[in-house]
Amino acid sequence: MDFTALLALKRKGFWTELTSEIEDFINNHSGIDLMPLYEQVIKGSDHCFNRLRWAQLINSIAASIPDPVAFLGSIRQSFSEVEREKEADAFDLITLCLAQNLQITNQGSLPRTEAEEQLFAQGEAVHLEGRELADRLVDEVKTRIESTFGIANATLYVNLNEPVEEPVSAMLHLVLAEKAQLVNDYQSFYTHMMQYLSRTPLAKIKEEKKIDIATNLCLAAIVCPDMYGFGELVSHPILASLEGKPNAWLVEFVKIFDEGNITQYNEFTSKYSVQLQSIPTLLNALSIILTKIRVMVFVSYVFSLSSNKLTIPFATIAQITQIPIPHVEILVLQTFGSKLLKGSIDQISEVVVIDDIKPRQLSFFHVESLEKKVATWGETVQDSLSFLQVQIDQTHSSLPTI
Amino acid sequence: MLIDEPKGSEKVPVQDVLTRAQSLSQAGDLNGVIQCLTVAERTYRKLQDTESESQVLISICQYLFDAQQFETLNEKVEELTKVRGPLIVALRQMFEHCRTLAKSMDDGDTKGAFMQALRKVTDGNVEYEAVRIDLTRSLSKMYERLGRGQEAVDVLMEIAIETAGTLTREDRAELVIEQMRLNLSIDNFIQAGIQSKKFPLRGTEKYYIDYYSQLLLLHIHERDFLATARDFRSISQEAERQCKAKDKKSIDGKDKEEGWKDEAERRDFINIIHNATTSSALFLLITPYSPEQNGMLLEAVADGKRPDAPILNNLTQSFLKDLLISRPTVEQVFSLLSTECLALTGNIRSLLPQLVSSTCSSVLHPGELSQLIRKELLDRVTEHDLRVIAKFYKRVSMKRLAELLNSTEDITEETVSKLAVDGQIYAKINRPKQFVEFVRPLSTDEVLDDWSNRVSLLLSKVEKVSQLIEKERITCGDHSESSHILS
């Protein structure tokens with residue numbers, strides 16, 4: 001590796017330019033151990049960089065070396081107490097990256113320095129194994145970030161604390177999402193991952209990582225029992241990364257859920273049965289998936305109805321969701337219970353009366369149907385208008401002329 | 001002799017008296033010993049020589065005790081107490097010595113009589129209160145060991161905790177717990193309840209586990225499940241606090257002996273926390289619905305630091321959702337649930353080490369309690385389901401309702417009536433037509449109110465939309481028809 005250009009910039013003290021150059025360097029040299037870069041260029045003048053960007057550089061370097069935990073641990077310890085306060089963002093970013101590596105490998109503990117010894121003497125257990133330690137580190141960062149943004153402190157700290165930088169909160173959500181993934185907590189994986197994506201420009205995520213994220217998001221959305229907001233996912237650009245890839249069928253699957261189309265669902269499951277069988281997560285959650293698609297079918301159907309037809313007989317629901325009539329009530333209860341719809345069931349007359357639909361993000365499919373609805377409404381208004389016009393004309397003409 | 005006929009205020013060293021007594025005792029003349037010491041006692045009392053007096057008193061008791069003359073000892077102690085101008089300090093030392101003597105005796109009536117005699121003479125003087133309370137406790141413990149529960153309780157209950165001024169908070173806490181425990185062991189729940197109110201709650205945190213583990217027996221007996229859940233929660237909180245403190249001390253290195261002795265001790269402690277938390281959750285689930293119960297459930301779920309009990313956690317969460325739980329699903333998980341949550345087996349004794357030896361028979365019958373908990377849990381599930389149905393149904397036939405709740409029509413009708421009377425749901429049963437109506441008919445006022453609310457809501461929406469349209473129009477730079485919209 002040739003660092004002459006970088007070293008020249010360093011000698012001149014052009015730190016901003018140097019940072020950009022190093023960033024480019026790292027992007028161009030993926031897959032190589034970048035430790036020499038740190039040793040020769042960055043080490044020793046850590047304080048001259050913009051600390052947040054510096055922390056990002058360190059994290060990228062850590063990703064390329066075989067033992068990131070030890071490296072990040074020593075970097076984290078090089079922060080003095082004062083720096084931890086002053087450069088909290090950079091410190092948190094390093095801590096989060098460390099936690100990320102700890103929870104993935106689930107091994108390794110931090111080497112102790114004097115400061116750590118002190119902490120240890122105060123009763124803080126520093127020698128924890130991987131995940132436990134990661135949890136504690138993440139909790140620390142979370143508490144700080146929440147205290148900056150928290151509702152309880154909002155009135156107290158307005159303008160006092162500097163806002164947490166985007167990369168830090170993005171990293172926090174990424175770490176939390178990965179943690180949720182490790183324990184199969186689909187709900188919190190989905191929420192945290194979406195938060196992460198909303199804070200990170202897509203271009204900055206690596207291609208293979210994007211595919212991974214998109215696949216897992218789709219799976220989480222399908223499997224998680226309480227998650228019905230498919231619109232948000234379907235219109236998210238991250239799904240584009242799956243196009244042309246072996247897992248592209250997942251996107252189609254999620255779209256079917258969003259549209260709530262039972263016929264398509266049945267066709268799809270028979271067509272892609274091999275792929276569906278190959279994913280144990282889906283296999284284990286078949287009953288949940290079936291309930292979800294039926295709920296989505298029902299909700300989509302209600303959405304497509306015009307406002308004067310919101311009294312739906314059981315038989316219609318049974319027909320559109322393809323379930324026997326006695327099961328209709330359970331399905332409707334499920335939908336009401338998940339707060340997707342509001343309304344009441346009249347079992348004596350066998351009808352469901354819908355009062356309200358939960359607002360949600362609409363995908364293109366639903367926006368189209370909404371457009372049709374608006375167009376129909378427009379026509380009706382036009383009709384009434386012309387009717388009124390005729391009436392007025394008639395009245396006008398029948399008035400006695402003065 | 002000098003000792004036999006003391007002259008005025010002339011003082012004989014106490015050592016001489018004791019040596020003489022010893023030589024007499026070696027000669028086998030016990031009466032002589034006692035006589036000699038009694039005379040000396042009188043002398044020292046008159047001289048106000050507390051130190052010598054106490055030594056003499058103690059040796060009198062010791063000689064009689066060694067000679068196994070317990071009746072004489074009892075009489076002598078009483079006699080020595082009732083003298084003129086007694087030296088309180090010396091007497092207290094004598095009582096304390098007697099107490100140690102008594103404790104060294106074998107259990108039985110002799111010991112009981114000796115202790116009773118001592119308790120009798122120490123009664124009514126605040127100076128001897130500590131000794132008396134200690135004696136009382138050992139006596140009651142002895143009776144308990146001998147299996148005479150009622151006597152043990154009677155003796156211990158003689159201590160009036162409110163008026164015992166010399167007791168520290170800790171002693172008081174210990175005493176209350178002891179009194180509760182004994183009363184519960186003979187199934188005297190009313191008295192146990194009264195005593196439980198006397199527990200000093202402030203500054204006695206380390207006794208919480210003991211205290212609440214007795215209290216929860218009382219609450220289970222009273223079928224007050226909410227209170228039981230709270231007791232378990234207090235236990236788990238306190239255990240957690242102690243656990244953390246011990247963790248810290250073990251690592252700290254300074255007070256190592258206050259930390260964990262070994263890994264097993266810590267494991268036991270963790271076990272207590274686990275049992276207490278799961279039991280708290282279970283008893284909370286079988287508590288009839290109330291705002292407080294619901295609040296505690298929410299708290300328990302939001303807590304996040306739940307023990308490793310996924311099925312119990314799932315069940316707790318499903319109670320908070322507006323979805324049907326249905327009895328069969330709960331019945332299915334009973335066996336799994338009882339491995340996670342020991343309280344479901346009804347074996348309360350196995351939950352906490354404090355309860356292992358408890359003999360509170362009427363509460364702790366495992367089979368009965370287990371049956372009760374299961375029945376209550378199923379009832380709660382039915383009630384929850386009914387609340388959900390009442391929320392989402394307008395009308396439902398009795399037959400269908402019974403199907404949904406997995407029970408018979410009669411029981412369903414009963415449950416509906418019960419919840420309706422409690423005010424948890426609104427329901428009106430139409431018996432001739434066999435259906436239930438869940439929607440309260442609105443009064444004219446309410447209908448009008450509702451209508452006016454809706455109209456104002458609609459108007460505000462129209463207002464907002466027209467504003468947004470106007471904004472859009474201005475930002476897009478199309479001013480041609482803005483006047484039209486405004487008009």
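Chain letters run A, B, ... following the sequence lines, proteins first, then strands; residues in each count from 1. Atoms considered below: every heavy atom in the structure, side chains included; atoms not considered: hydrogens, waters and symmetry mates. The shown structure was predicted, so the numbers you read here are calculated from the model rather than taken from an experiment.
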Check against side chain to side chain contact (heavy atoms under 4.5 Å, CB included), B:Leu404 and A:Glu329: CA-CA 10 Å; B:Leu404 286 169; A:Glu329 283 165 69; 4.1 Å; yes
Best-contacting candidate, A:Pro326, A:Gly337, A:Ser349, A:Ser338, against chain B by heavy atom pairs under 4.5 angstrom: A:Gly337
Under 4.5 Å from any heavy atom of chain B - which part of A:Lys342: neither
Does atom [atom1] of [X] have more than 12 heavy-atom neighbours from other groups under 6.0 Å away?
| X | atom1 | result |
| --- | --- | --- |
| B:Arg387 | CZ | yes |
| A:Gln187 | CD | yes |
| B:Gln467 | CD | yes |
| A:Lys373 | NZ | yes |
| B:Tyr426 | OH | yes |

Chi angles and distances behind the side chain to side chain contact (heavy atoms under 4.5 Å, CB included) call for B:Lys391, A:Phe336: CA-CA 9 Å; B:Lys391 197 170 172 185; A:Phe336 286 173; over 6 Å; no
Residue of the set A:Ile348, A:Leu333, A:Asp346 for which side-chain contact (heavy atoms from CB on, under 4.5 Å) holds with B:Tyr393: A:Leu333
Side chain to side chain contact (heavy atoms under 4.5 Å, CB included) between B:Leu324 and A:Ile330, intermediate numbers included: CA-CA 8 Å; B:Leu324 294 185; A:Ile330 306 291; 4.1 Å; yes
